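Here is the structure we will look at, set down as structure tokens.
Naming convention: chains lettered A, B, ... in sequence-line order (proteins, then strands); numbering from 1 in each chain. As the structure is a computational prediction, the values presented were derived from the model and not from experiment.
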2 protein chains.
Amino acid sequence: MPKDTFFNLPEDKRVRIEQAAIEEFGNYHFDASSVNRIVENAGIAKGSFYQYFSDKKDLYKHIMSLIITKKLEYMSPLLQNPFGLDVFTLLHELYASGLSFALGNPALLEIGNKLLSDPSHELYVEILAENKEKSDQFFLHILQAAENRGEIRQGLDLPLVAYLLTTLNIAVSDYYTRRTEKRVYSREMMEDIEKFIDIVRLGIANNEGGKTVDQS
Amino acid sequence: MPKDTFFNLPEDKRVRIEQAAIEEFGNYHFDASSVNRIVENAGIAKGSFYQYFSDKKDLYKHIMSLIITKKLEYMSPLLQNPFGLDVFTLLHELYASGLSFALGNPALLEIGNKLLSDPSHELYVEILAENKEKSDQFFLHILQAAENRGEIRQGLDLPLVAYLLTTLNIAVSDYYTRRTEKRVYSREMMEDIEKFIDIVRLGIANNEGGKTVDQS
DNA sequence: AGGTCACATGACTAATAGGTCACATGAGGT
DNA sequence: ACCTCATGTGACCTATTAGTCATGTGACCT
């Protein structure tokens with residue numbers, strides 16, 4: 001947690017520091033990032049930095065919490081009532097909101113990915129472990145509800161499928177922010193999400209109960 | 001490329017250096033890794049190190065090439081004749097060999113993952129870009145052949161599916177080396193691979209031509 | 001014996017890092 | 001006018017880094 005002095009700062013200064021930090025952590029992972037560069041870009045003295053944060057990690061965690069908050073903003077409409085939609089529509093919406101976040105906040109996504117990708121790092125455990133657990137639990141609940149409603153076929157290994165859905169969720173954003181040139185939200189992207197979902201749908205849907213799945 | 005002096009070294013010394021490097025790069029990503037620690041653990045003088053390698057990056061690339069070679073060893077039986085099997089059997093074998101490699105060489109996998117996970121790093125581009133391209137091309141060819149043989153349904157976005165298959169390939173190893181406690185090759189794992197493949201199979205198989213898919 | 005050459009060595013350099021600290025500043029209260 | 005106290009500041013400290021280089025060593029050749 002940053003110190004009170006940080007939150008007492010005039011907003012523009014606080015924001016300048018956060019911007020500089022986002023810039024730095026977007027370009028370098030935690031160990032390679034430099035407090036010197038951050039204070040330089042933020043236009044503050046190094047001593048001031050340590051009036052606001054106990055150490056580099058303190059700032060990093062603050063930025064991560066900004067990211068998590070922002071991401072939840074994108075998803076919150078869905079999280080209000082996750083069981084109101086059928087599982088495939090819900091997945092679609094989740095992936096779409098994830099992609100919106102990714103496209104709207106590429107720098108934040110980059111920081112998140114840098115951390116996400118090094119599970120052996122102490123910070124990973126410290127920051128993400130519990131969140132990831134929650135995400136898995138969330139998908140698991142969704143799947144269990146879907147199973148009860150007969151939307152997906154019997155006998156699926158739900159934790160395994162939940163893992164797959166989490167992976168695919170990340171992959172969707174990755175597909176667009178890393179693999180292609182398109183960085184702007186477009187109809188084409190929504191169609192691609194449909195394609196991902198279609199495969200999952202066919203893969204796990206309950207196709208036996210006469211309930212034919214529409215794959216337009 | 002390491003210098004000749006390195007390859008002229010007595011084997012045990014060469015191996016000692018490689019082991020120390022693998023240990024180091026497994027624990028720290030490139031920027032955080034330390035030549036000082038490597039030479040200390042290998043029991044050689046720092047000056048000697050620079051007789052063998054032009055710089056840290058030189059050693060790193062050497063280790064990466066060891067990893068790639070090792071991984072190809074696991075896959076080579078499959079790569080000999082990739083079109084001899086139907087696409088789902090081939091995928092199954094590919095994933096299984098990937099998992100074998102992962103379980104048999106956890107340190108190497110870790111190094112690979114650390115690099116794989118930071119596409120913004122200069123080394124990523126330098127080392128992996130072309131390999132990844134090749135992997136995508138490989139999956140794409142497989143899918144095209146499968147499409148011609150009518151094994152998968154028409155109208156699929158093959159590059160997108162190829163991307164999904166690459167992602168899933170990595171995920172399979174990840175699922176076991178990071179998500180579960182099981183680190184030893186077992187029948188259970190092979191069954192889980194089946195589960196992943198089953199979902200893909202239903203997701204992309206051609207179910208219309210009366211060719212029923214066996215999902216035992 | 002003398003010379004050559006590949007390899008070994010660790011003290012050294014220059015740069016950078018994260019973090020500290022003695023001191024400066026300035027607004028608010030009395 | 002004086003004091004207090006939160007905040008600002010940058011020189012400084014210690015640790016560590018990648019990489020260099022002058023010197024040492026010993027096997028082999030003539």
Anything under 3.5 Å between a protein N or O and an N or O of nucleotides 14-17 of chain C, put it in a table, one pair a line.
unit_1, atom_1, unit_2, atom_2, d
dA17(C), OP1, Ser34(A), OG, 3.0
dA17(C), OP2, Asn36(A), ND2, 2.9

Quickly work out the [X] [atom1] to [N] [atom2] distance and round it to whole Å.
{"X": "Leu9(B)", "N": "dA8(C)", "atom1": "CG", "atom2": "C1'", "value": "11 Å"}
{"X": "Phe30(B)", "N": "dT17(D)", "atom1": "CZ", "atom2": "C1'", "value": "12 Å"}
{"X": "Arg14(B)", "N": "dC7(C)", "atom1": "CZ", "atom2": "C1'", "value": "16 Å"}
{"X": "Phe49(B)", "N": "dA8(C)", "atom1": "CZ", "atom2": "C1'", "value": "15 Å"}
{"X": "Gln51(B)", "N": "dA6(C)", "atom1": "CD", "atom2": "P", "value": "11 Å"}
{"X": "Phe53(B)", "N": "dA8(C)", "atom1": "CZ", "atom2": "P", "value": "12 Å"}
{"X": "Asp4(A)", "N": "dC5(D)", "atom1": "CG", "atom2": "C1'", "value": "15 Å"}
{"X": "Glu40(B)", "N": "dG10(C)", "atom1": "CD", "atom2": "P", "value": "12 Å"}

Could you tell me whether Lys70(A) sits above the aromatic face of Phe101(A), with NZ or CZ closer than 6.0 angstrom to the six-membered ring centre and within 45 degrees of the axis?
no
Check every atom of dG19(C), dG8(D), dA8(C) against the side chain of Tyr52(B) and return the nucleotide holding the closest atom.
dA8(C)
Testing the basics here: between Thr166(B) and Ser135(B), what is the closest heavy-atom pair and its distance to 0.1 Å?
OG1-OG, 4.1 Å
Do the charged groups of [X] and [Y] touch, with an N to O distance under 4.0 Å?
{"X": "Glu122(B)", "Y": "Lys57(B)", "result": "yes"}
{"X": "Asp198(A)", "Y": "Lys195(A)", "result": "no"}
{"X": "Lys61(A)", "Y": "Glu126(A)", "result": "yes"}

Regarding Lys13(B), tell me which of base, sugar-phosphate or nothing describes its non-hydrogen contacts under 4.0 Å with the strands shown.
sugar-phosphate
Taking only N and O in the side chain of [X], is any of them less than 4.0 Å away from OP1 or OP2 of [N]?
{"X": "Tyr50(B)", "N": "dT20(D)", "answer": "no"}
{"X": "Asn8(B)", "N": "dA6(C)", "answer": "no"}
{"X": "Ser48(B)", "N": "dT9(C)", "answer": "yes"}

State, yes or no, whether a side-chain contact exists between Ser33(A) and Tyr60(A) at a heavy-atom distance under 4.5 Å.
no
Within-4.5 Å side-chain heavy-atom neighbours: Leu91(B) and Phe139(B)
yes
According to a 3.5 Å limit on both distances, what stems of 3 or more consecutive Watson-Crick or G-U pairs are formed with DNA chain D?
C:1-30 with D:1-30
Would you say Tyr28(A) and Asp31(B) are linked by a side-chain donor-acceptor pair, where the criterion is simply a distance under 3.5 Å?
no
Is a side-chain donor-acceptor pair under 3.5 Å present for Thr167(B) with Asn169(B)?
no
Please tell me which of Gly47(B) and Thr5(B) maps to the more 5' nucleotide of DNA chain C, matching each residue to the nucleotide holding its nearest heavy atom.
Thr5(B)
